[in-house]
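We use all heavy atoms of the structure for the numbers below, so side chains are in, but hydrogens, waters and symmetry mates are not.
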Amino acid sequence: MMISNFYNRINDELTELLAQNPSDERTKAHKNPIQNRSYAMLIWFLKFYGQKGIYQSFITDGLDDKSCDIIFSNKSVQEEVLFYVVQSKYVHFDASKKAETEFPKMNKTEFGHALNDFAVILNGTRWSSKNKNFNRKYEELKQHLEKNGKVKFLFFTLADDNPEIEEAVHAFNQTYAPHVTLEVIDFQRIRRDYIEFKYKEITTSNPLEYAYRPEEQEIILPIERLKNSKRDIFEFDEPAYIFLVKPKTVYDLFNKYKFSLFFKNVRNPLHRSNYNPKIVETLLKKPAAFWYFNNGITGITQILPSLGVHAKEIRLEGLQIINGAQTIYSIFSAYQNATVMQRKVMDNYARIALRLIGSGDEAFNLQITRYTNMQNPMENRDFCANDDVQQRLQNESFATDIWYEKRRSEFRLDALEKKQLGIAILSNIDLVAPYLAFYLQKPMDAATRENDFFVARKEDKDGLYETIFNEQTKYEDLYAAYFVARLYDEYEYMPHKTLPSQFQKLSLFAIALSKIVMQKYFALTRWNESGKVLNLSLYLLNLNKSRKAADWATLLKILVYAALKIMELSVEQVGKLTTNASFYDTIVEKLEDTGMDIAAIQAIEIKTKF
């Protein structure tokens, strides 16, 4: 979602909030109406991240900068009291007058003032406010700090990230660690969370909740034993156990750890999945049959402790669920919405099989994950969806109007909603072959090794995943390559389209060669005169937006020229092209040695109107 589109969407929601509270004098505290949005933004922040409206009464205007502050407390799922101190900064941006690239970054000086305010609060010498509720919470906070309680400071802003403040954030966290932390919620984070919550319907993290990490904590799981049975726990030498747990145990796990339980899981729970209603229905109507109808849950822990004959609990040093995410989320939903009596019935009759595997080997864990998720149709890319590089590429795409889909059906948007948002969604599957051919110059792999795209070398020595997805992989390069491939596909007069269908994959070689032709063409024409270094991906993306007829015609001529070069090959040479990676390199070397006929490119007739 483009910066201006998302900013305007948030602004519209702030306007609605102000209109909903016409009697609240704080919505009109400033002569400049733009400044009043800072108050509305804090209310939006609290509502968006799921806090109760009662906290609105604790909001107070700041001393000098007229921003809004709030101090409030929450209880964690472990009944631990946690305090939050939030400062918001509204930023005005007029997209009609400024370019996307001019979107404001966080002001370093302003942020420094906020840190000073936070330090004053921690030192217990903050000024008093006219808001008595705020003063009461401030006194409670001081007492909480004296008891070594946990506090999170949040700086919430509609400005973009500023690398210059990173050192100050790090220094603050080091100074006041471990029970006091500072987190900055900037425009990019808000946009990412908004998309996750609104259009994926999942919660990955919430700054107003304490983040428990299940893979790093001690977890105690009650074990349900069967009467008069010595076979209710199965132990294997690998090591692994299979035992039974109650619905309450599953509910408590998810209630505490939320989606972080499934960090290594290949598919997060899909709220609209057809499987979920069936699981809930079985749990509520046939709880005694749940064990028979459900495959249960599979978890991994690094160290698996031994279990005594009469053990009724197991203590784990960390836990990750790698199979059964839908089961867990369905049980949680059913239990959360059930009456007291329904919960008693569920816990009395329903049992869930938990297979617990001890393993610290990441490669082995991936194998387990792959083989335990075969009951429903899976694709190789599903097993990579939680990788850092996949998440990074998706986050990069959120700054554009073409979103990167790393997991099947993860966005809950129909055609109308996409149109209203002005966005399209592209699967990573559709991006890989063009990127491999065009950007990485490996057309033979792109044309012949489709099954290896999302297979890691630690699983198969021939896997291409690390070659394609690594620290150097950028979303703009992926999309630029896809844009070129789309032109090859959509331009009906492309010469290779006259070939039989079995030769259509030759287009990937033409796509690859077109990059070499582009670089040489632009180097020999305008770019060498200006002295600029051509960022080819950025040039292609800007061309896609600008729709300049002359530039589009030049690009199509280059693509046709590259396709003609491939079609010049003999049948024998085509055979080498698709079986010997070095043969394509020979074609590139020849083109670079002999040069290109610029006049021949410019003479190509383009039949499409722009």
Side-chain angles (χ1 to χ4, degrees), residues 1-7 95 98-103 160-161 187-188 191-192 195 389-390 392-406 418-419 421-441 446 468-491 494 507-508 510-523 525-527 530 532-560 562 606 608 610:
M1 192 184 298
M2 303 298 286
I3 287 174
S4 55
N5 290 346
F6 182 67
Y7 181 87
K98 297 180 180 179
E100 298 262 326
T101 53
E102 296 179 73
F103 191 76
D160 213 345
D161 179 39
F187 181 82
Q188 301 293 348
R191 178 169 57 184
R192 187 196 75 199
I195 292 171
V389 64
Q390 295 298 321
R392 174 176 60 78
L393 290 170
Q394 186 173 82
N395 290 342
E396 289 175 12
S397 79
F398 289 160
T400 75
D401 52 8
I402 311 288
W403 291 356
Y404 179 90
E405 182 193 69
K406 61 186 178 65
K418 292 176 190 174
K419 185 177 180 180
L421 289 170
I423 59 106
I425 293 170
L426 268 180
S427 163
N428 51 8
I429 289 178
D430 296 327
L431 295 166
V432 172
Y435 176 75
L436 196 55
F438 181 81
Y439 193 83
L440 297 184
Q441 289 291 291
I468 300 165
F469 298 105
N470 50 60
E471 291 182 358
Q472 282 71 49
T473 311
K474 296 180 181 178
Y475 178 70
E476 66 178 26
D477 297 330
L478 282 162
Y479 185 68
Y482 172 80
F483 168 56
V484 172
R486 195 181 70 198
L487 286 179
Y488 265 106
D489 185 55
E490 292 179 356
Y491 183 53
M494 201 62 70
S507 65
L508 286 166
I511 288 168
L513 194 61
S514 71
K515 180 185 180 186
I516 307 301
V517 178
M518 278 183 221
Q519 289 172 329
K520 289 187 68 65
Y521 181 88
F522 291 129
T525 55
R526 62 185 134 169
W527 288 92
S530 64
K532 295 179 181 178
V533 176
L534 174 63
N535 181 329
L536 195 54
S537 293
L538 191 58
Y539 173 79
L540 290 169
L541 295 179
N542 287 336
L543 178 59
N544 187 27
K545 292 177 184 177
S546 68
R547 299 277 168 176
K548 291 182 180 177
D551 289 342
W552 271 73
T554 298
L555 178 59
L556 278 177
K557 288 178 181 183
I558 289 171
L559 301 188
V560 170
I606 297 301
T608 298
F610 301 97

Residues forming a side chain to side chain contact (heavy atoms under 4.5 Å, CB included) with Ala433, sequence neighbours excluded:
Ala446, Phe453, Leu508
Considering residues at least two apart in sequence or located in another chain, which fulfil the side chain to side chain donor-acceptor pair (under 3.5 Å) criterion with Asp401?
none
With side chain to side chain contact (heavy atoms under 4.5 Å, CB included) as the criterion, how do Gln394 and Asn428 come out once you've worked through the C-alpha distance, each side chain's angles and the decisive distance to 0.1 Å?
CA-CA 9 Å; Gln394 186 173 82; Asn428 51 8; over 6 Å; no
Taken in chain and number order and not counting sequence neighbours, the residues that satisfy side chain to side chain donor-acceptor pair (under 3.5 Å) with Asn5 are none
With sequence neighbours left out, write down each residue that passes side chain to side chain donor-acceptor pair (under 3.5 Å) with Glu396, or none if nothing qualifies.
Arg392
Counting only N and O atoms by type, is there a donor-acceptor contact under 3.5 Å from the side chain of Gln188 to the main-chain atoms of Asp160?
no
Within the side chain of Ser514, is there an N or O that forms a donor-acceptor pair under 3.5 Å with the backbone of Phe438?
no
Distance, nearest 0.5 Å, that separates CD1 of Ile511 from CZ of Arg486:
12.5 Å
Any side-chain heavy-atom pair from Thr400 and Tyr479 closer than 4.5 angstrom?
no
If you round to the nearest 0.5 Å, how far is CD of Gln519 from CD1 of Ile558?
10.5 Å
Is any side-chain heavy atom of Tyr7 closer than 4.5 Å to one of Phe103?
yes
For Leu431 against Tyr482, the heavy-atom pair lying closest together
CD2-CB, 3.5 Å
Counting distance only, does the side-chain N/O of Asn542 pair as donor-acceptor with the main-chain N or O of Leu538 below 3.5 Å?
yes
Could you grab the distance from atom OG1 of Thr554 to atom CG of Leu559, nearest 0.5 Å is fine?
11.0 Å
Taking only residues two or more places apart in sequence, or in another chain, which ones meet Glu405 in a side chain to side chain donor-acceptor pair (under 3.5 Å)?
Arg381
Measure across Ala510 and Ala562 and return the closest heavy-atom pair with its distance rounded to 0.1 Å.
O-CB, 3.6 Å
Partner residues of Tyr435 under the ring pair (Phe, Tyr, Trp, His ring centres under 6.0 Å) criterion, sequence neighbours left out
Tyr439
Distance check, rounded to the nearest 0.5 Å: Glu471 atom CD versus Thr473 atom OG1?
9.5 Å
Any side-chain heavy-atom pair from Tyr491 and Val560 closer than 4.5 angstrom?
yes
Please identify each residue that fulfils side chain to side chain contact (heavy atoms under 4.5 Å, CB included) with Leu543, with sequence neighbours left out.
Tyr539, Ser546, Asp551, Trp552, Leu555
With rounding to the nearest 0.5 angstrom, report the CG to CZ distance, Asn544 to Phe483.
4.5 Å
How long is the straight-line distance from NZ of Lys418 back to CD1 of Ile425, given to the nearest 0.5 Å?
4.5 Å
Restricting to side chain to side chain contact (heavy atoms under 4.5 Å, CB included), what partner residues turn up for Lys98, sequence neighbours left out?
Phe93, Glu102
Does Tyr475 have any ring pair (Phe, Tyr, Trp, His ring centres under 6.0 Å) partners at least two apart in sequence or in another chain, and if so, which?
none
How about Lys474: does its NZ atom have over 12 heavy atoms from other parts shown lying under 6.0 Å from it?
no
Could you tell me which residues satisfy ring pair (Phe, Tyr, Trp, His ring centres under 6.0 Å) with Tyr404, sequence neighbours excluded, listed by chain and number?
none
Would you say Ile516 and Gln441 make side-chain contact, with heavy atoms under 4.5 Å?
yes
Is any side-chain heavy atom of Leu487 closer than 4.5 Å to one of Met494?
no
